[in-house]
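Here is the structure we will look at, set down as structure tokens.
Note that ligands are numbered from 1 as they come in the structure, with each ligand's atoms numbered from 1 the same way.
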Amino acid sequence: MTISTNLGFPRIGTDRELKKVLEAYWAGRTDLASLVETGRRLRATHWALQRELGIDHIPSNDFSLYDHVLDTTCMLGAVPLRFGLKDATIDMDTYFAMARGTDNAHAMEMTKWFDTNYHYIVPEFEDGLEFRLASSKIIDEFLEAKGQGILTRSVMLGPVSYLLLGKSKSPGLEPLDLLDQALSVYIEVIGRLESAGARWIQVDEPVLVLDLDERVPAAFESVYKRFAQARKRLKLCLTTYFGSLGDNVDWAMRLPFDAIHLDVVRAPEQLEKALALLPPDAALSLGVVNGRNIWKTDLAATLDLVDKAATTIGTERLILAPSCSLLHSPVDVESEGTMDPVVQERLAFAKQKLQEVAVLTKAANEGRAAVGDVLQANRAVFDKGQASGRVCNAAVRKRLDSLSEEMFHRRKPFFGQRKSLQQAELALPLLPTTTIGSFPQTAEIRKTRADFRKGRLTDAEYTQAMRREIETVVRFQEDVGLDVLVHGEPERNDMVEYFGELLEGFAFTENGWVQSYGSRCVKPPIIYGDVYRPLPMTVEWITYTQSLTDKPVKGMLTGPITILQWSFVREDQPRRDTAYQIALSIRDEVRDLEAAGIRIVQIDEPAIREGLPLRQSERPEYLDWAVKAFRLATCGVDDRTQIHTHMCYSDFNEIIEAIAGLDADVISIEASRSDVELLNAFVDYKYPNDIGPGVYDIHSPGVPSTEEMVDLIRKMAEVLRVEQLWVNPDCGLKTRQWPEVEASLRNMVLAARRLREELASPRQ
Ligand code: GLN
Ligand code: ZN
């Protein structure tokens with residue numbers, strides 16, 4: 001019999017119960033008992049639901065109060081020494097201290113989980129750290145489910161991935177040096193699970209889809225051999241996702257496992273080789289339902305793939321599953337209210353995805369006829385989608401087919417040539433000062449937007465309120481003495497959602513929340529059809545702003561890659577095509593701003609780095625179209641119009657050449673948190689255009705002094721030419737409070753002035 005399984009269920013709850021209780025607990029509005037009880041209730045509900053849906057192997061320990069990597073850190077007792085843990089087990093205070101920091105100890109770093117928008121807490125390794133079993137969560141949750149009559153498959157992050165996802169803080173200490181220590185804790189856990197009655201464990205080793213260095217295969221071999229010796233009847237499913245085993249396939253398929261899970265949604269090409277190499281006594285778990293997107297599965301096409309596997313290895317050795325944990329998917333389409341039906345009938349969230357797994361499993365076991373009705377209904381949805389004029393727009397297609405080379409280039413190819421033209425218009429001083437776009441989003445602004453949405457304000461009242469806010473922000477910037485002004489973005493709730501709502505081809509859910517980190521959830525827009533811009537989006541706000549001042553006002557847009565990256569995207573065309581469609585819409589907006597007299601336009605691309613594929617070999621292709629999409633969006637303007645871009649969330653060093661390839665006249669970039677690191681990129685690479693490495697970190701509270709900023713700009717001027725430097729904060733100011741913004745910007749303008757004077761009269 002083919003078995004159906006799940007790799008992990010979303011933790012947040014249909015109604016974001018986890019988020020709510022966590023935030024109440026942190027704010028002291030509820031106690032530990034109610035936090036613990038909510039967690040227990042969510043787990044019980046999710047287990048019961050999965051059983052009801054017909055899933056044979058249901059996961060446990062996929063739940064977490066914050067993050068599963070942090071949970072693994074706790075299991076191993078790998079608490080950084082600064083948290084001063086004395087007791088043997090880790091209490092809730094220590095757990096949240098590691099995640100969120102305290103007055104005495106800064107939080108552990110957080111970073112993106114592979115190429116998803118989920119963030120994990122990065123393990124830290126330092127001399128003096130000793131691993132020991134310090135949390136029995138995985139065993140407790142197995143027993144909890146067992147008490148409910150369900151023998152779950154406990155999920156654990158495997159030791160090699162865990163160590164490679166961490167960072168060493170002590171010179172000379174390599175994460176893999178800790179393998180033996182970690183192994184003994186894992187083996188203790190495996191023994192305990194076995195005694196508790198477990199039959200299967202799921203060991204996630206997602207690093208198997210990455211480019212690995214030569215030490216890693218041997219590490220895997222020794223770990224999995226030891227695991228095989230430690231287990232008696234307990235079976236192990238080695239689990240990979242987010243890509244292909246690729247060049248790791250030969251040795252990975254020889255590891256001692258009872259089953260191996262492969263993501264054949266993301267990487268169907270790996271199936272053939274895996275089938276050929278699968279050891280005769282092992283099972284193959286096929287990840288056939290996309291755990292990372294929100295579309296229904298094409299069931300018939302998927303069954304063709306399942307059949308192919310079954311023909312080679314038989315249905316007995318087949319397991320069917322989502323491609324990865326459903327952590328990355330919203331919970332339940334049925335909790336959507338008033339969505340566009342054309343879109344809604346094509347959606348499948350976590351619950352629906354498990355229904356699909358169950359149907360596919362039934363078809364594998366009993367034949368397609370046993371699920372004939374479901375297959376037919378599924379076919380109809382796909383046919384309808386393709387036929388819908390809402391999905392395919394002939395004009396958009398035609399435009400995309402007729403792109404010409406010059407649309408990707410400014411007329412004068414060198415920034416130096418453009419800069420003099422732009423200076424003639426703008427007459428900016430040396431070290432021009434500006435901000436990244438947003439100003440504090442006060443409670444009042446948010447209320448105005450909410451009132452307008454709910455129909456409590458008329459169009460005219462809303463416009464007036466926003467104009468008042470814009471005027472305040474303009475007068476403020478003039479008073480502070482900034483050189484390039486912005487309108488402050490009061491009308492925007494979110495930099496992607498705002499544009500998605502004004503573009504065609506986008507849909508929005510009411511409840512399609514996905515965990516981003518801890519209690520933080522995001523609700524990405526859904527790109528379901530060809531994208532175009534029916535009407536100008538920002539022109540009225542920006543021209544109004546410009547009418548208030550003689551200083552240049554910078555128009556503010558979100559770039560195509562960021563919009564793509566932070567949305568659920570369609571799968572019936574390459575990502576590149578969707579990016580180009582968005583780029584063309586932005587291009588129209590940029591040109592309209594220019595035509596309306598706006599001389600500077602900034603197109604934010606904070607997400608360009610995070611779209612980078614996991615494998616080195618796939619990166620050049622991505623960077624090629626990502627850069628082209630940006631250029632398509634921006635190159636429609638005259639050379640006298642100045643194009644800015646902004647990026648943050650750091651680590652740009654490795655793509656610095658692609659960033660230069662964007663050919664933005666000016667880039668502002670996050671630098672102050674890791675100033676040394678970022679500036680290093682410019683030691684070897686001579687960045688050609690103008691650049692504003694942020695001179696202060698807007699994420700840390702407090703007001704930077706003029707001296708600090710003067711020092712930092714001096715450091716910047718050592719690796720960059722002073723003529724190419726701009727002076728700005730490192731990101732938007734929307735989460736800050738007015739008093740600190742005012743004080744910080746005044747100090748920043750002073751810093752620029754001081755350096756200008758100094759440079760005008762060099763010391764003898
Ligand atoms: N212009 C946006 C702002 O200032 C940029 C936000 C971002 O970089 N994430 O808020
Ligand atoms: Zn930013």
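Within ligand 1, the atoms closer than 4.0 Å to a non-hydrogen atom of I436 are 1 (N), 4 (O), numbered from 1 in the order shown. Shown in contact with G437 at under 4.0 Å from a heavy atom are these atoms of ligand 1, numbered in order with element: 4 (O). Listed by number with element, the atoms of ligand 1 under 4.0 Å from a non-hydrogen atom of D604 are 1 (N), 2 (C), 5 (C). Near G732, meaning under 4.0 Å from any of its heavy atoms, are these atoms of ligand 1: 3 (C), 4 (O), 10 (O).
For ligand 1, the polar-atom distance check finds an N/O of E489 within less than 3.5 Å of one of the ligand's N/O atoms. Among the atoms of C731, none of the N or O lies under 3.5 angstrom from an N or O of ligand 1. Not one N or O of W566 is nearer than 3.5 Å to an N or O of ligand 1, by distance alone.
Taking a cutoff of 4.0 Å between a charged side-chain nitrogen and a carboxylate oxygen, D638 and R599 do not qualify as a salt bridge. Of the charged side-chain nitrogens involved, none lies within less than 4.0 Å of a carboxylate oxygen, so that D665 and R640 do not count as a salt-bridged pair. The residues D690 and R418 are annotated as not salt-bridged, no charged nitrogen and carboxylate oxygen being separated by less than 4.0 angstrom.
To the nearest 10 degrees, the Zn ion (ligand 2) sees NE2 of H646 and SG of C731 at an angle of 130°.
Here side chain to side chain donor-acceptor pair (under 3.5 Å) pairs that include residues 462-471, with residues two or more places apart or in two chains, are E471-R475.
Relative orientation of the F506 and F508 rings is parallel, given thresholds of 30° and 60° on the angle between their planes. Classification of the Y118-H68 ring pair by plane angle, with boundaries at 30° and 60°, yields parallel.
Every residue meeting the side chain to side chain contact (heavy atoms under 4.5 Å, CB included) condition with A583, not counting sequence neighbours, appears here in chain and number order: P560, A629, L632, A633.
For S438, heavy-atom contacts with ligand 1 shorter than 4.0 Å involve the backbone as well as the side chain. Contacts with ligand 1 closer than 4.0 Å are made by side-chain heavy atoms of H646 only, the backbone lying farther away.
Heavy atoms of M495 approach ligand 1 to within less than 4.0 angstrom.
Ring-centre distance between W625 and Y580: not below the 6.0 Å cut-off.
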